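Right, one structure below, let's go through it.
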Amino acid sequence: MELTHLDQIKEILETGELRRIEFEKTEDIEIINLFQGIYGVAYAWYAAGCRTLDDIRNKKAGIKVSEVQEIGLQHYDDINTRMPREEAHEIFVAIKETALSLDPKLFIEIMGSYRRGKSTCGDIDILITRSTEDGKTHEGILPTLLNMLQTMGIIHEHLSLPDLSVDPLEAVYRGLCVRPLREGEGPESKRLRRRIDFLTVPWINRGAALIYYTGDDIFNRSLRLKANKMGYSLNQKGLSAGVVRSPTRYTVKLCDGHMIASETEEEIFRILGVYSAAFHQVSADYECSRPSKVCLGKNLTNGYGPSKWSMLCLPVYPHGLLALGLRKLGAPATPQGRVKAIQAPSLNIVYTLPTLYKR
DNA sequence: GTACTGGTAGC
DNA sequence: GCTACC
DNA sequence: GTAC
Ligand SMILES: [Mn+2]
């Protein structure tokens with residue numbers, strides 16, 4: 001008998017894993033995943049006929065490789081090796097100390113997989129903001145901090161620099177770093193390059209930024225989908241009501257609406273009805289920790305078009321639902337083309353926030 | 001039978 | 001429009 | 001496909 005998605009979810013919740021797991025191993029996905037480890041282009045290179053990293057290094061098919069992509073190629077193995085949680089911690093401690101030396105009132109947190117409690121981290125994500133109660137802000141901090149970290153030999157290559165001309169309080173940085181030297185270590189000691197990202201936001205947006213930057217990606221999509229169904233819109237700045245979108249071009253906003261929550265995670269979760277053991281006493285059929293992805297492969301049949309789908313992941317989510325990542329076969333094997341969210345509200349699943357969320 | 005599918009930034 | 005972030 |  002065929003297992004339904006609901007059966008599979010229950011099995012995962014009850015056993016922690018799903019038997020009969022089959023990874024999606026098709027040539028295009030494998031190669032595009034390889035190329036996505038570079039930074040910058042993946043599907044386009046596959047479409048141009050490249051199949052190996054050397055094809056790209058040799059500029060096969062006349063492809064153009066930017067400066068940033070050359071950096072990605074050069075450090076390919078380093079940046080595609082996950083670091084132990086402890087190394088992320090070491091790097092963050094050094095950065096936090098440097099940042100606080102510039103302004104002791106900065107709010108600086110390590111986000112992403114570290115904040116989700118993972119034992120290894122693919123990169124380091126750092127959120128910076130600052131209380132405005134004394135009339136000051138974190139304006140100008142990030143460029144100064146980046147310069148200092150470069151001088152200290154922590155930050156090495158830049159991949160993407162912030163554009164501060166729109167709002168100097170909002171900045172996104174992407175680059176490569178190494179951990180600080182340990183006691184007794186000389187500069188010759190081998191340290192792997194690590195991907196590092198910084199995000200700065202206005203103080204008022206910190207709650208929404210915490211949610212966004214903690215992730216994971218599917219959790220964010222899932223939460224934003226729920227917000228939409230409730231007539232709201234959620235982004236990294238806040239939760240808004242009254243957003244009106246163009247029916248033809250969905251991303252075009254006809255009306256921005258007004259922000260109803262942004263300063264704390266709790267307020268946003270509360271409005272969205274996402275109860276967490278950290279904030280509320282709740283009863284539920286299941287409790288689960290922040291989503292863990294389970295990869296599996298399965299062909300599904302449906303009513304429209306090419307009828308085969310492959311299921312990529314099955315994370316378990318809060319607000320009594322789950323999301324499945326699906327790719328329609330024949331669709332471009334980009335992350336965008338690959339993922340589709342489906343919900344199962346009949347399962348009453350409670351999402352337990354990591355202890356980091358408590359107060 | 002119909003509705004569902006994140007939102008934004010940089011280039 | 002593509003690639004990136006979560 | 002799954003939810004309603
Ligand atoms: Mn990151």
Side-chain angles (χ1 to χ4, degrees), chain A residues 2 4-9 32 35-36 38-47 66-69 72 111-116 122-127 158-167 170-174 195-199 201 205 208-229 232-240 243 245 250-253 256 290-291 298-311 314 320-329 331-332 334-347:
Chain A
E2 194 72 4
T4 65
H5 288 153
L6 220 61
D7 291 331
Q8 297 177 22
I9 292 148
I32 288 159
F35 291 172
Q36 260 166 352
I38 295 171
Y39 192 97
V41 178
Y43 182 69
W45 285 333
Y46 181 84
S66 71
E67 211 168 303
V68 155
Q69 291 156 357
M111 308 294 295
S113 51
Y114 186 96
R115 193 166 188 252
R116 295 199 304 275
D123 72 345
I124 292 174
D125 303 295
I126 296 176
L127 177 67
H158 301 315
L159 298 174
S160 167
L161 290 166
D163 176 6
L164 300 166
S165 60
V166 181
D167 182 345
E170 292 179 32
V172 179
Y173 170 82
R174 308 186 202 291
R195 278 278 294 106
I196 185 162
D197 297 326
F198 285 87
L199 177 70
V201 296
N205 303 115
L210 281 162
I211 292 174
Y212 157 70
Y213 222 23
T214 302
D216 68 1
D217 55 347
I218 306 290
F219 175 78
N220 283 335
R221 299 170 69 136
S222 188
L223 202 60
R224 290 171 185 205
L225 172 59
K226 185 161 203 291
N228 288 349
K229 290 188 169 177
Y232 303 121
S233 176
L234 177 67
N235 62 21
Q236 57 265 53
K237 294 180 185 169
L239 183 65
S240 299
V243 175
R245 291 191 166 82
Y250 186 74
T251 54
V252 175
K253 282 185 190 172
D256 276 350
R290 200 132 191 162
K298 190 175 188 296
N299 289 329
L300 306 171
T301 308
N302 69 10
Y304 12 20
S307 62
K308 284 175 122 189
W309 298 70
S310 54
M311 192 187 307
L314 201 161
L321 61 85
L322 65 117
L324 302 177
L326 299 178
R327 178 176 73 102
K328 197 168 192 171
L329 291 192
T334 61
Q336 286 76 11
R338 206 189 292 172
V339 180
K340 175 183 168 76
I342 294 184
Q343 301 182 313
S346 71
L347 270 185

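Atom set for the values below is all heavy atoms of this structure, side chains included, hydrogens, waters and symmetry mates excluded. If you're wondering where the values come from, they're calculated on a predicted model, not measured in any experiment. A note on names: the letters A, B, ... follow the listed sequences, proteins ahead of strands, and every chain is numbered from 1.
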Nearest-angstrom distance from the residue atom [atom1] of [X] to [atom2] of [N]:
X	N	atom1	atom2	value
A:Trp45	C:dA4	CH2	P	8 Å
A:Tyr39	C:dC2	OH	P	17 Å
A:Ile211	B:dG6	CD1	P	17 Å
A:Leu234	C:dC6	CG	C1'	12 Å
A:Gln236	C:dC5	CD	C1'	9 Å
A:Leu127	C:dC5	CG	C1'	13 Å
A:Gln69	C:dA4	CD	C1'	12 Å
A:Leu199	C:dC5	CG	C1'	9 Å

What nucleotide among [options] has an atom nearest to a side-chain atom of [X]?
X	options	answer
A:Asp123	B:dG6, B:dG10, C:dC6	C:dC6
A:Ala44	B:dG6, C:dT3, C:dC5	C:dT3
A:Arg174	C:dC5, B:dG7, C:dA4	C:dC5
A:Gln36	B:dG10, C:dC6, C:dA4	C:dA4
A:Arg224	C:dA4, C:dC5, B:dG6	B:dG6
A:Tyr213	B:dG7, B:dA9, C:dC6	C:dC6

Among all residues two or more places apart in sequence or in another chain, which pass the side chain to side chain contact (heavy atoms under 4.5 Å, CB included) test with A:Ala209?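 Listed in chain order: A:Leu127, A:Val201.
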Do A:Met111 and A:Asp197 have side chains that approach each other closer than 4.5 Å (heavy atoms only, starting at C-beta)?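 Not in contact.
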Validation row: A:Tyr46, A:Gln36 side chains within 4.5 angstrom (heavy atoms):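 No. Closest side-chain heavy atoms not under 4.5 Å.
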Does OP1 or OP2 of [N] have a side-chain N or O of [X] closer than 4.0 Å?
X	N	result
A:Arg195	C:dC5	yes
A:Lys237	B:dA9	yes
A:Ser160	C:dA4	no

When we call it a touch if two heavy atoms are under 4.0 Å apart, what does A:Tyr212 touch: a base, just sugar-phosphate, or nothing?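 Counting heavy atoms under 4.0 Å across all strands, the contact made by A:Tyr212 includes a base.
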Partner residues of A:Gln236 under the side-chain hydrogen bond (donor to acceptor under 3.5 Å, both in side chains) criterion, sequence neighbours left out: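 Expected list: none.
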Say we look at B:dG7 and D:dT2: how far apart would their P atoms be, to the nearest angstrom?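 My reading of the P atoms in B:dG7 and D:dT2 gives 24 Å.
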